[in-house]
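To keep things clear, I will list the structure first and then write my remarks on it.
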Amino acid sequence: MSPTLLHNYIGGSASASAGASTAPVYNPSTGEVIALTPLSPADDVDTAVRAATEAFAKWKETPVYNRAAILFQYKALLEQNFAELSRLITRENGKTLAEAQGDLRRGIDVVDFACGIAHLIKGESVGQIASTIDGVSTYEPLGVCAGITPFNFPAMVPMWMYPVAIACGNTFVLKPSEKVPLTALRLTELFTEAGLPAGVLNIVNGGREVVESLCTHPGISAVSFVGSSHVAERVYQLGCNTGKRVQAAGGAKNVMLVMPDAEPDSTVRAIMGAAFGCSGQRCMAGSIVMGIGEAGQGVANRLRDAADALKVHPTDTAPDSEMGPVIDGSARDRLFAAIQSGADEGARIVRDGRESIPSQGFFVGPTILDEVTPGMNLARTELFGPVLSIARPDSLAAAIDWVNSSYYGNGAVIFTRSGAAAREFSRKVQCGMIGVNVGVPASMSVFPFSGWNRSFFGDLHVQGLEGIRFYTRQKVVFSRWDDAYVRTMGW
Ligand code: NAD
């Protein structure tokens, strides 16, 4: 059967792209092409922005409780369709069903948060701020906002953006990753089913041309981006140059520090989840284990045994699969090359994920390289796959210095029973999300997803109150309604 050519979603219904070229959507477990994403031209962006601009005029005037009512209905529909959506995520992304359910659940958490918009968007007031004058501030929507998202969380990352923007009274144009467009299309159809007016949420599928057009289109007020750091920086520059608000989250290289007093079983379980969950394709994936003192060898041995026991199977047909494939053949080839160049640089391969993997699909088995040092490429580059490095800095202070020399600043984790070590680490490490005996300290809906350094370009992060502030601007009104003034005016 030939793969389906997908469409855009503009003005409340499917809309054929004007583009002639396409990108393949794979089932990464088998390597089969299951759909074709249209690589839309700038004209399609313009059509979507026009639809969103027209819808904005009415949507911004829709009372806040009516907007919230549609979000409540949307949440109910997402719950009703939870199983179907999770299977779709697994099919186009390759993550296990449990991971797909987690992806969707974290997205629904944001819808849940956005349902409280009446409270979240409340402004401030000061009565009698000057004689007979009251001051009131309100948060107003910006207009048409755009979202550009990566392949690794087909539900959660788009849902970091559009439910909040729309709850605030904006309209939205989403460009999902061309590698995983199916989930976003279904999520958008369900929002329409929940009662969202036509044109409030639109999708333009595609690649670079769509991104550049969204970042420069005069009808767009704000751009939210999540993806790799080099594209994040480019999106930030392009959007800022045309006067837009931009929040652009980038890549990461997250360290997991193990102190000699760490509890071994729970620490190894947490590291396995952080390093190999979602096949290492998470911006909060644990990428380097730093074992201090005698912790190093013990953890390395236990991790090798746990990695040997991990069930790496196709995720769409083997329900017991504990780790799925990576997204496509080029990701697999890049990871195979990184393992080889790590060994060439002097790291010792403890477990080689190029061996004993399913013959079909895009698999890389759990890989562990030991004796990694700060100068190696393995220690500096985001690999974005199931390849874990182990390093042995000789003290907590040396480990903190290593973390703080990173280009990135998403997450860092410490495993310890010492409150003093945990406190020193949490205070000194230059990252936005810290875990203490938690493997993946990814912020959830009520907190900002708080990357630092080159893991984030902008000011206000996605999620939490920062998300509300990003998608609104303040208006301040000062009023005088005293009798003397009214008499002067002759009313
Ligand atoms: P990516 O940067 O390749 O793609 C992200 C988006 O940008 C996609 O929609 C893609 O179509 C578009 N794009 C790609 N190249 C482009 C270019 N040259 N010009 C304009 N647009 C372009 O990222 P990815 O491979 O889809 O996702 C993995 C990356 O995302 C990793 O670096 C990961 O750390 C990061 N990520 C970060 C976070 C976070 O919150 N910081 C969350 C998830 C993923």
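Order of listing sets the numbers, starting from 1, for every ligand and every atom in it. Worth knowing before you read on, the calculation uses all heavy atoms, side chains too, and leaves out hydrogens, waters and symmetry mates.
Heavy-atom proximity to Asn152, at under 4.0 Å, picks out these atoms of ligand 1: 43 (C), 44 (C). Those atoms of ligand 1 with a heavy atom of Phe151 less than 4.0 angstrom away are 24 (P), 25 (O), 26 (O), 27 (O). Within the listing of ligand 1, atoms 31 (C), 32 (O), 33 (C), 34 (O) sit less than 4.0 angstrom from a heavy atom of Glu382. Counting atoms of ligand 1 from 1 in the listed order, those under 4.0 Å from a heavy atom of Asn410 are 41 (N). Applying the 4.0 Å criterion to heavy atoms of Ala249 picks out, from ligand 1, the atoms 39 (C), 40 (O), 41 (N). Near Trp160, with a cut-off below 4.0 Å to any heavy atom, the atoms of ligand 1 are 40 (O). Close approach of ligand 1 to Ser177 is summarised as follows: ligand atoms under 4.0 Å from at least one heavy atom of the residue are 9 (O).
Contact analysis puts Phe225 in contact with ligand 1, with a non-hydrogen atom separation below 4.0 angstrom. The closest approach between Tyr408 and ligand 1 stays at or above 4.0 Å for every heavy atom of the residue. Not a single heavy atom of Phe153 lies less than 4.0 angstrom from ligand 1.
Each of Met290, Lys428, Arg427 was evaluated against Ile400; a single residue qualifies, Lys428, per the side-chain contact (heavy atoms from CB on, under 4.5 Å) test.
Both the sub-6.0 Å distance and the 45° axial angle are satisfied by Arg469 relative to the ring of Tyr139. Taking the ring axis of Phe153 as reference, the NZ or CZ atom of Lys95 stays within 45° of it and closer than 6.0 Å to the ring centre.
A distance of 12.0 Å separates CZ in Phe447 from CE in Met433, rounded to the nearest 0.5 Å.
With Val211, Val462, Leu214, Thr37 as candidates, the residue nearest to atom 20 (C) of ligand 1 on a non-hydrogen basis is Val211. Summarising the contacts of atom 5 (C) of ligand 1 with Asn205, Val226, Ile148, Val231, the nearest heavy atom is found in Val226. Taking each of Ala285, Cys283, Gly227, Ala252 in turn, the one with a heavy atom nearest to atom 35 (C) of ligand 1 proves to be Gly227.
Inter-residue side-chain proximity for Ser15 and His7 is flagged as unmet; no heavy-atom pair is nearer than 4.5 Å.
The protein atom (non-hydrogen) at minimum distance from atom 27 (O) of ligand 1 is Pro150 CB, 3.2 Å. Of all protein heavy atoms, the one closest to atom 8 (C) of ligand 1 is Thr149 O, 3.3 Å. The single protein non-hydrogen atom nearest to atom 19 (N) of ligand 1 is Arg208 CG, 3.4 Å, given as residue, atom name and distance.
In this structure, Phe384 has its ring center closer than 6.0 angstrom to the ring center of Phe151.
The side chain of Glu178, and not its backbone, has at least one atom closer than 4.0 Å to an atom of ligand 1 (non-hydrogen atoms only; side chain from C-beta on). Residue Lys179 does not touch ligand 1, judged by heavy-atom distances below 4.0 Å.
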